[in-house]
Chemist: 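Before anything else, here's the structure in question.
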Amino acid sequence: MAVINTTTEAFKKDVLENQKVVLVDFWAEWCGPCRMVAPVLDEISKETPALDIVKVNVDEQPQLAMDYNVTGIPLLGVFKDGKMVKQLVGARPKAAIMSELSEFLK
C-alpha cells in the first residue's frame, strides 16, 4: 500500500481507527534526515502489507505534533489499537526499523 499523507482531520480515520499496525512518520520538508528515511518507508510500505504508513508534516499539522509530544524529527510512532505504543526518533536504516516493528507484525 502507498504511504498516506494525513491531516489533523483525517488522522482519526487513517491512524486511530485503523485495524492494522500503523507507522506514523512525523516529518518536515526542511529536515534532511526526514528526506533520507522517506524512500525507506516507501519500500517498507510496499513489502509489508500488515502495516500502514502515514506521514504527518509537522509544519502543516502542528496540533498533531503537540498532541503526541513530538520534540524531534523524524519521529516514527508505532500505533496499535489507536494508541502510540512505541517511538523511534531519528533516521534509521530499513533493517533497524523492521527490527523495531517485528514485535507488532506477528
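Keep in mind that the numbers below use all heavy atoms, side chains included, and drop hydrogens, waters and symmetry copies. Index from 1, following the sequence.
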Chemist: What's the separation between atom NZ in Lys86 and atom CG in Leu23, rounded to the nearest 0.5 Å?
Modeler: 11.0 Å
Chemist: Taking all atoms of both residues into account, what is the closest heavy-atom pair of Leu105 and Met98, and its distance?
Modeler: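 Heavy atoms only, the tightest pair is CD1-CE, 4.3 Å.
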Chemist: Heavy atoms only: give me the nearest Pro33-Ala91 pair and the separation to one decimal.
Modeler: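 Where Pro33 meets Ala91 most closely, the heavy atoms are O-CB, 3.7 Å.
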Chemist: Can you confirm whether more than 12 heavy atoms, excluding those of Lys12, are under 6.0 Å from its NZ atom?
Modeler: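 Not buried by this count: 12 neighbours or fewer within 6.0 Å.
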Chemist: At their closest point, which heavy atom of Ala28 faces which heavy atom of Val58, and how far apart are they?
Modeler: CB-CG2, 4.0 Å
Chemist: Set out, in order, the CA-CA distance, both residues' side-chain angles and the distance that settles side chain to side chain donor-acceptor pair (under 3.5 Å) for Thr8 and Gln63, then state yes or no.
Modeler: CA-CA 7 Å; Thr8 303; Gln63 187 60 52; over 6 Å; no
Chemist: In the single-linkage hydrophobic clustering (I, L, V, M, F, W, Y; side-chain heavy atoms under 4.5 Å), do Val21 and Val85 co-cluster?
Modeler: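 Linked, Val21 and Val85 end up in one cluster.
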Chemist: Report yes or no: does Thr48 contribute a side-chain atom to a donor-acceptor pair with the main-chain N or O of Ser45 at less than 3.5 Å?
Modeler: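 Flag not set: sc Thr48 to bb Ser45 has no pair under 3.5 Å.
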Chemist: Going by heavy atoms in the side chains, are Met84 and Val78 under 4.5 Å from each other?
Modeler: no
Chemist: Counting only heavy atoms not in Gln19, do more than 12 fall under 6.0 Å of its CD?
Modeler: no
Chemist: Please name the residue in the list Leu76, Val24, Leu41 that meets the side chain to side chain contact (heavy atoms under 4.5 Å, CB included) test with Ile53.
Modeler: Leu41
Chemist: Taking C-beta and beyond as the side chain, do Lys80 and Lys20 meet within less than 4.5 Å on heavy atoms?
Modeler: no
Chemist: Should Ile97 and Val40 count as side-chain neighbours, where that means a heavy-atom distance under 4.5 Å?
Modeler: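 Yes. Closest side-chain heavy atoms under 4.5 Å.
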Chemist: Among the clusters formed by ILVMFWY side chains lying less than 4.5 Å apart, do Leu75 and Leu16 turn up in the same one?
Modeler: yes
Chemist: Answer yes or no: is there a side-chain heavy-atom contact under 4.5 Å between Asp14 and Val22?
Modeler: no
Chemist: If hydrophobic clusters are built by linking Ile, Leu, Val, Met, Phe, Trp and Tyr wherever their side-chain heavy atoms come under 4.5 Å apart, do Phe26 and Trp30 end up in the same one?
Modeler: yes
Chemist: What are the two closest heavy atoms between Gln61 and Val56, and how far apart are they?
Modeler: CB-CG1, 3.9 Å
Chemist: For the residue pair Asn5 and Lys55, what are the closest heavy atoms and their distance?
Modeler: OD1-CB, 3.4 Å
Chemist: Using every non-hydrogen atom in the two residues, find where Arg35 and Glu29 come nearest and quote the distance to one decimal.
Modeler: NH1-O, 2.7 Å
Chemist: For the residue pair Phe79 and Tyr68, does the interplanar ring angle fall in the parallel (under 30°), tilted (30 to 60°) or perpendicular (over 60°) class?
Modeler: perpendicular
Chemist: Do Val89 and Trp27 share a hydrophobic cluster, counting only Ile, Leu, Val, Met, Phe, Trp and Tyr and linking them when any side-chain heavy atoms are less than 4.5 Å apart?
Modeler: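 Shared cluster, no.
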Chemist: Below 4.5 Å, heavy atoms only, C-beta onward: do Arg92 and Met36 meet side chain to side chain?
Modeler: no
Chemist: Starting at OG1 of Thr6, measure out to CG of Asp25 and round the result to the nearest 0.5 Å.
Modeler: 12.5 Å
